[in-house]
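Right, one structure below, let's go through it.
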Amino acid sequence: MSSRFFATGSDSESESSSESEEQTVVQAKSTVTTKVFAFSDDEEETKRVVRSAKDKRFEELQNVIKQLRNHKKIKDISKVLETFEDLTKALQKSQKVIEKEGGVPRFYIRALVELEDFINETWEDREGRKKLNKVNSKALTTMRQKLRKYNRDFEAKIASYRENPDVGDEQEAPEDDRDKSDSESDDDDEAVQKKKSAVPADAAPDMKSQFLKGGDSEGSDDSDLDWPSDSDSESSDSSEPEGGYTNMAAKFLKKTTAAEEAAKAARKQEKKERKAREQRREEEERELEEGEWTEVQRGAPMAMEKPKMFAKGTEINHAVVLKKLNEILAARGKKGTDRSEQIMLLGELRRISEENNLGLGMTVKILFNIVASIFDYNPNIATCMKDEMWAKCITYITETMDILIDNTNIFVGANVLEESEAIEAEPFRVRGCILSVMERADEEFIKMLQACDAHSTEYVERLKDEKKIEVLVVRLQKYLEERGTSQEICRVYLRRIEHVYYKYDYEHYKTADLIRKTVEQKEEEAKDGEVEAKDGKVERKDEEVEGKDGEVTPQEKGGEEAKDMVEEQKKEKTAVIMDKLCKYIYAKDTTDRIRTRAILCHIYHHALHGRWYEARDLMLMSHLQDTIQHSDVPTQILYNRTMVQLGLCAFRYGNIKDAHNALLDIQSGGRAKELLAQGLLMQRNVERDPEREKIEKRRQMPFHMHINLELLECVYLVSAMLLEIPYMAAHEFDARRRMISKSFHHQLRVSERQPLVGPPESMREHVVAASKAMKIGDWRACRDFIINEKMNGKVWDLFPEAEKVRDLISRKIQEESLRTYLFTYSAIYDSLCLVTLAEMFELDGPVVHSIISKMIINEELAASWDEPTQTVVMHRSEPTRLQNLALQLSDKLANLVDNNERILEVKQGTSAFYTRQGEGRFGRQGKERHHQGKERHQGQSGYHQQQGRGYQGQRRDRGDRDRDHNKGYQNKGYNRW
């Protein structure tokens with residue numbers, strides 16, 4: 001051993017010689033010593049130990065077990081609990097290594113057994129438990145429960161360890177020693193190679209001559225030639241000429257650098273040769289497989305080589321393919337994983353599986369994983385999928401759907417555990433949910449539409465894929481109707497509904513319009529035939545109508561059949577589909593969200609196609625306005641869209657008040673664009689949170705589902721005009737009249753502030769100009785401002801039956817202009833002729849009669865009918881200016897008294913009693929004053945007699961109405977302002 005590692009001379013001589021050399025070097029140049037000592041032998045000869053994953057993981061487990069034992073010694077139960085949790089986490093990290101090694105290591109089982117014994121002993125020691133502090137006592141209970149639950153997975157191994165606890169330890173020890181010796185020998189070999197490479201080439205002959213001249217004869221073997229002694233190195237150093245090298249570090253650094261460069265060059269050359277050999281071998285294999293070469297044009301991109309999944313000669317079976325599949329999936333989501341390569345590997349694995357006829361179960365399992373990898377290709381949830389990935393995704397989903405529909409012996413579901421999968425034999429059971437895949441694909445499609453420019457051809461091209469999505473949803477619906485659960489059927493029905501509810505069926509209404517015209521023509525022909533029969537030109541006998549009582553004539557029968565055909569056509573195909581799908585969800589769904597969204601979509605579809613009464617009744621019966629604030633944000637957006645469509649439907653039907661009430665919540669705050677998820681509004685002095693802004697952008701509706709905001713605002717303003725102008729004319733002398741629409745009043749005020757009002761240009765200016773014309777009773781000017789070419793192009797032509805809507809608006813303008821005219825000029829006339837009013841407003845006499853009669857019945861007009869002369873006799877009972885001031889003074893005094901009594905009641909604590917007794921807002925006295933004021937005002941003449949109630953009662957009723965209105969806003973989950 002001494003000849004191998006030590007010099008032939010004595011240690012004292014070597015030490016003295018080295019000291020003398022160091023002294024001479026220090027005297028020569030002091031700065032050289034720092035450089036020499038900077039490169040010590042210790043730093044150059046530090047060993048780098050390469051450890052396997054098994055060693056790392058097992059050492060981590062052993063360190064945690066060591067900490068656990070230390071905590072047990074001091075009986076720190078809380079630390080024992082924390083360390084036990086760390087131990088279980090470390091085992092989870094080592095799961096892959098443990099699977100390769102064949103199971104949980106024995107030292108881990110021993111640690112669990114020791115811990116269980118320790119916990120049981122501590123638990124049985126009642127006196128010791130009482131001495132524990134609160135933290136340790138609680139930790140002991142928790143630890144005992146967790147350990148019991150955790151040890152259930154290792155019951156067999158724990159039992160075998162308890163039977164023979166020492167066998168495993170004896171078997172493990174020699175293995176560890178053998179591993180250590182192997183690693184040490186490897187390190188020694190590496191060190192020898194480093195020593196050999198570090199020897200300069202030119203120094204080899206000198207060293208050989210030195211060994212030949214003088215050496216130890218006893219230890220002269222082959223190894224001595226490679227290991228020079230210290231004395232030899234010293235003699236070689238001392239034999240150098242004096243003028244050669246004064247800096248020893250520079251000398252050795254130079255030779256070491258040259259050696260390293262030579263070694264690097266050798267390694268590079270070896271790599272090149274190895275790479276060339278591999279290329280030649282691959283080319284030979286490819287030539288054997290393909291048979292001949294394919295010439296590649298210069299400059300063309302090289303085709304990617306197919307990855308090699310298995311070694312040559314490997315038998316392909318289910319176990320091998322599953323193992324490879326798990327290896328590919330294990331890299332999923334890790335940093336540095338190439339996602340496109342992972343998709344390619346899964347595709348190649350599927351090809352190999354099909355070539356070896358491993359069955360459809362394996363194919364379906366691989367397809368599910370391919371689709372999942374495509375969804376994971378884009379790690380950012382805020383961005384959409386790329387076009388090529390989207391095309392692949394649709395292709396793979398279609399293939400999966402084809403296999404599942406064509407083969408009834410394949411069962412897939414999210415509730416199938418991996419342990420219970422049956423892939424080798426029929427019937428196949430595969431873990432995976434095709435419904436979840438379809439829902440995710442639909443969401444990705446929406447994100448792709450959101451990312452496109454709505455006014456570009458790219459959006460149109462992308463929108464064409466919606467047909468593919470619908471086809472897949474319909475096929476999935478048929479598949480789940482046969483094999484799915486009721487909850488899965490409800491989910492796929494909702495997905496189908498969300499693709500249908502917002503689409504208007506134009507083809508149906510073209511057919512319905514044609515049938516309607518045919519029916520009208522037949523009815524006219526039938527009437528003409530009856531007239532001819534009465535004149536004697538054609539005789540119709542009773543034989544044609546023989547039969548039971550009540551049987552209709554052939555003409556009437558034909559008319560009824562035609563009407564039934566029209567009614568059937570009104571319930572077009574989409575209506576039947578919506579009705580079927582929604583009713584199933586109403587009956588079978590157990591989650592509120594799916595049922596709520598189905599109801600809203602059903603209402604939207606009814607309103608879009610003009611079925612006002614069905615939509616209104618469904619909304620009122622569902623009571624969604626009371627519970628919608630508890631729903632999620634997308635459902636609230638759908639509720640807003642449904643209310644807007646309901647308001648537009650009411651407007652088309654002529655229900656102006658219902659239309660105004662439905663649109664009031666959306667339009668009153670000026671945030672219609674944001675509430676309908678059709679864009680973000682830039683608010684002043686408000687900084688948006690970037691994360692919140694991203695979330696709101698993901699909620700935006702695609703452009704083809706938008707509702708025209710200008711159409712919406714125009715309908716709202718016209719409805720407000722038809723309600724507000726007559727009300728303003730009726731309450732002209734009321735200083736505290738309420739506003740029906742704040743936004744409409746704002747537009748009027750803006751117009752009044754302008755010094756010079758020109759002809760209207762925008763939609764709002766047209767509505768304001770029409771309102772001013774209606775105020776003075778000029779209904780023709782009002783109609784011309786609302787209905788003209790510019791307004792038709794911007795608004796009215798967007799309705800499906802535009803001509804009917806225009807006729808309806810014109811008739812409503814005539815009726816409300818008549819009411820405004822009567823409110824404004826009733827004090828001037830003693831009587832008005834019915835015929836004159838009908839001619840002025842181009843209305844039929846019965847229509848004018850009904851409007852005036854309603855006003856008289858509702859006490860809006862102080863007048864009466866003179867039937868023989870067909871005139872309206874006005875009752876001149878307008879109050880004078882002095883009477884109006886006196887009434888206002890009395891109202892203010894009554895209000896002051898109410899306020900004083902309210903303050904007094906609050907101090908005495910009696911207001912709550914009166915409120916509980918149902919005496920009203922201000923108690924019994926306030927209620928009596930209300931009736932007194934009402935009787936007093938009813939006894940007076942003028943406008944208040946027309947109203948039939950005093951101002952105080954009017955104010956109180958208005959307050960109650962406003963309070964109820966605000967309560968309605970709160971129930972709907974919106975802020976009115």
Side-chain angles (χ1 to χ4, degrees), residues 318 321-322 325-326 328-329 343 346-376 385 389-445 465-500 577 580-581 584-585 588 594:
H318 291 85
V321 173
L322 277 177
L325 177 63
N326 292 328
I328 297 172
L329 296 180
I343 297 170
L346 289 171
E348 181 66 16
L349 189 63
R350 178 202 172 191
R351 184 187 65 78
I352 293 172
S353 172
E354 291 177 350
E355 286 179 355
N356 291 272
N357 299 322
L358 297 184
L360 293 176
M362 182 64 71
T363 302
V364 171
K365 183 175 179 62
I366 297 174
L367 282 173
F368 272 125
N369 288 289
I370 292 175
V371 175
S373 299
I374 292 174
F375 287 144
D376 291 344
M385 191 183 291
M389 286 296 162
W390 171 250
K392 286 183 180 180
C393 181
I394 292 298
T395 303
Y396 285 123
I397 292 175
T398 305
E399 291 179 5
T400 308
M401 197 80 69
D402 293 338
I403 295 173
L404 294 178
I405 291 175
D406 296 339
N407 299 275
T408 57
N409 58 349
I410 302 177
F411 175 77
V412 296
N415 55 351
V416 178
L417 301 177
E418 293 184 0
E419 295 81 8
S420 61
E421 281 185 327
I423 300 175
E424 299 181 6
E426 297 182 2
F428 300 110
R429 290 175 59 85
V430 182
R431 179 177 174 81
C433 183
I434 187 64
L435 177 58
S436 299
V437 170
M438 194 65 243
E439 289 176 341
R440 177 70 186 276
D442 198 7
E443 293 171 2
E444 290 291 337
F445 177 68
D465 290 338
E466 189 185 15
K467 191 66 178 175
K468 299 177 183 178
I469 296 290
E470 285 190 30
V471 170
L472 288 175
V473 170
V474 172
R475 296 183 67 193
L476 180 61
Q477 173 189 334
K478 293 179 181 178
Y479 171 77
L480 291 178
E481 284 175 350
E482 297 176 358
R483 310 179 199 179
T485 61
S486 60
Q487 193 59 31
E488 290 177 339
I489 295 174
C490 289
R491 286 168 60 189
V492 74
Y493 277 3
L494 180 63
R495 192 61 58 175
R496 177 83 185 280
I497 287 168
E498 289 179 348
H499 279 280
V500 173
I577 292 172
K580 172 192 170 186
L581 302 181
Y584 183 90
I585 292 176
K588 301 289 185 179
I594 294 179

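Only a predicted model underlies this, so the values are computations on that prediction, with no experimental measurement involved.
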Intermediate values then yes/no, side chain to side chain contact (heavy atoms under 4.5 Å, CB included), R495 and L476: CA-CA 10 Å; R495 192 61 58 175; L476 180 61; over 6 Å; no
Candidate pair V492 and E481, rule side chain to side chain contact (heavy atoms under 4.5 Å, CB included), full reasoning: CA-CA 10 Å; V492 74; E481 284 175 350; over 6 Å; no
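The main-chain N or O of L349 is never found under 3.5 Å from a side-chain atom of S353 such that the two would form a donor-acceptor pair. Under a 3.5 Å cut-off, the side chain of R431 and the backbone N or O of V412 do not form any donor-acceptor pair. Without hydrogens or angle criteria, N326 side chain to L322 main chain gives a donor-acceptor distance under 3.5 Å.
Closest approach of N407 to I403, counting heavy atoms only: ND2-O, 2.8 Å. R429 and S420 get closest at one heavy-atom pair: NE-O, 3.8 Å. Counting all heavy atoms, side chain and backbone alike, A422 lies closest to P427 at CB-O, 3.9 Å.
Proximity of R350 to E399: side-chain heavy atoms (C-beta onward) are separated by under 4.5 Å at one or more points. Between T408 and R483 there is a side-chain heavy-atom pair separated by less than 4.5 Å. Side-chain contact check for I405 versus R475: some heavy-atom pair is nearer than 4.5 Å. Looking at heavy atoms from C-beta onward, E348 lies in side-chain contact with I352 at the 4.5 angstrom threshold. Contact check for I434 versus Y479: side-chain heavy atoms found under the 4.5 Å cut-off. When side chains are defined from C-beta on, L346 counts as touching L325, because their heavy atoms get closer than 4.5 Å. You'll find the side chain of K468 stays beyond 4.5 Å of the side chain of T398, heavy atoms only. Here the side chains of I374 and I343 are in contact, with some heavy-atom distance below 4.5 Å.
Rounded to the nearest 0.5 Å, atoms CG (D442) and CG (L472) are 10.0 Å apart. Here E470 contributes atom CD and H499 contributes atom NE2; the two are 6.5 Å apart, rounded to the nearest 0.5 Å. Rounding to the nearest 0.5 Å places OG1 of T485 at 11.5 Å from NZ of K588. Distance check: L581 CG to E498 CD gives 12.0 Å after rounding to the nearest 0.5 Å. Between E426 atom CD and N409 atom CG the span is 4.0 Å, to the nearest 0.5 Å. Separation of atoms CE (M438) and SG (C433) is listed at 12.0 Å; rounding is to 0.5 Å.
With sequence neighbours excluded, the residues forming a salt bridge (charged side-chain N to carboxylate O under 4.0 Å, His left out) with E355 are R351, listed by chain and number. Considering only residues two or more places apart in sequence or on other chains, D406 meets the side-chain contact (heavy atoms from CB on, under 4.5 Å) condition with D402.
Between R440 and E444 there is a salt bridge, with a side-chain nitrogen of the basic residue lying less than 4.0 Å from a carboxylate oxygen of the acidic one.
The aromatic rings of Y584 and Y493 sit perpendicular to each other, their planes meeting at more than 60°, with 30° as the lower class boundary.
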Please list every donor-acceptor pair under 3.5 Å in which a side-chain atom of residues 357-373 meets a protein atom from a residue at least two apart or in another chain.
from: T363; atom 1: OG1; to: G359; atom 2: O; distance (Å): 3.2
from: K365; atom 1: NZ; to: E421; atom 2: OE1; distance (Å): 3.2
from: K365; atom 1: NZ; to: E421; atom 2: OE2; distance (Å): 3.2
from: N369; atom 1: ND2; to: K365; atom 2: O; distance (Å): 2.7
from: S373; atom 1: OG; to: N369; atom 2: O; distance (Å): 2.9

